[in-house]
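Here's the structure, in structure tokens; my notes come after.
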Amino acid sequence: MPGAEFAPLPGFRLLPGFLDAAQQRELMQQVQAVLEQAPVYHATMPKSGQPMSVAMSNAGALGWYTDQDGGYRYIAQHPETAQPWPAIPPVALDVWRAVVPDAPAPEACLINHYRDTAKMGLHQDRDEADFSAPVVSISLGDEAMFRLGGTSRKAPTRSFRLSSGDVLVLGGEARLAFHGIDRVIAGTSRLVPGGGRINLTLRRVT
Ligand code: MD3
Ligand code: FE
């Protein structure tokens, strides 16, 4: 409907400042320990083989991955080291249990590292076999402009500023909302060593 106003789909929750400064530092240390075992890499898009601008790694039983030949999927080992993914950081598991107490434990924790001009285009998360569980996202480091739409690519969108310590819960209809990161605002946080933004996305996959 042209000119329709934006309203977030039911199931969208933004929890600003959910983690305090000390909790953010503790989680950042746990993420650094994961990245020492499972270094970030630039996954490539199906068909085109273009590398994504966001550097990624994972924790948990399954990790999200894409390459030119295999397409979007979940894999149980790091693509370069061939080792199993490290355990999900305990502070991230605490967040999951606090915000979605009725959901089973997450199977996947995607670690997105945005530096410089990295961004993520508008997309849906639909590489999971089961959309009934919510997705939980935790922001660390520099602020980002996050865009949220509806379940159709043409639906109106709205942008939100995400800050370090903010948590998003995407359940219900919002689980299949289009979303993306338009840009990261460099120099707005000192949390991430070397600068930039880290987003953790916790999911059920199977
Ligand atoms: C809305 N990551 O990894 S997190 C992704 O900040 C992803 O790195 C972004 O989109 C980031 O797939 C956004 C917020 C988010 C995560 C999952 C969602 C928003 C969502 C799923 C459905 C709707
Ligand atoms: Fe996404």
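We count ligands from 1, going down the list as the structure has it; atoms in each ligand are counted the same way.
The contact set between ligand 1 and Phe146, taken as ligand atoms under 4.0 Å from a residue heavy atom, comprises 14 (C), 19 (C). If you number the atoms of ligand 1 from 1 as listed, the ones under 4.0 Å from a heavy atom of Thr201 come out as 3 (O). Heavy-atom proximity to Asn199, at under 4.0 Å, picks out these atoms of ligand 1: 4 (S), 6 (O), 8 (O), 11 (C). Close approach to Val135 involves these atoms of ligand 1, each under 4.0 Å from a residue heavy atom: 17 (C).
The closest side-chain heavy-atom distance from Cys109 to Asn58 is not below 4.5 Å. Annotation: side chain of Leu168 is not in contact with side chain of Val136 (no heavy-atom distance under 4.5 Å). A 4.5 Å side-chain heavy-atom check between Gln24 and Leu191 finds at least one atom pair inside the cut-off. Tyr41 places a side-chain heavy atom less than 4.5 Å from the side chain of Pro79. Contact annotation: the side chain of Pro193 approaches that of Gln32 to within less than 4.5 Å [non-hydrogen atoms, C-beta and beyond]. Within the 4.5 Å cutoff, the side chain of Leu202 has heavy atoms near those of the Ile88 side chain.
Counting heavy atoms closer than 4.0 Å to ligand 1, residue Tyr114 contributes side-chain atoms (C-beta onward) but none from N, CA, C or O.
Residue contact check for ligand 1: His123 places a non-hydrogen atom closer than 4.0 Å to it. Heavy-atom distances between Phe178 and ligand 1 stay at or above 4.0 Å for every pair.
Side chain to side chain, Thr206 and Glu107 meet the donor-acceptor criterion of an N or O pair below 3.5 Å. Between the side chains of Arg147 and Ser159, no donor-acceptor pair of N or O atoms lies under 3.5 Å.
Residue nearest to atom 12 (O) of ligand 1, selected from His113, Arg147, Arg203, Arg197: Arg203 (by heavy-atom distance).
For Thr81, there are no side chain to side chain donor-acceptor pair (under 3.5 Å) partners, not counting sequence neighbours.
Less than 2.8 Å away from the Fe ion (ligand 2), the protein contributes these N/O/S atoms: His123 NE2, Asp125 OD1, His179 NE2.
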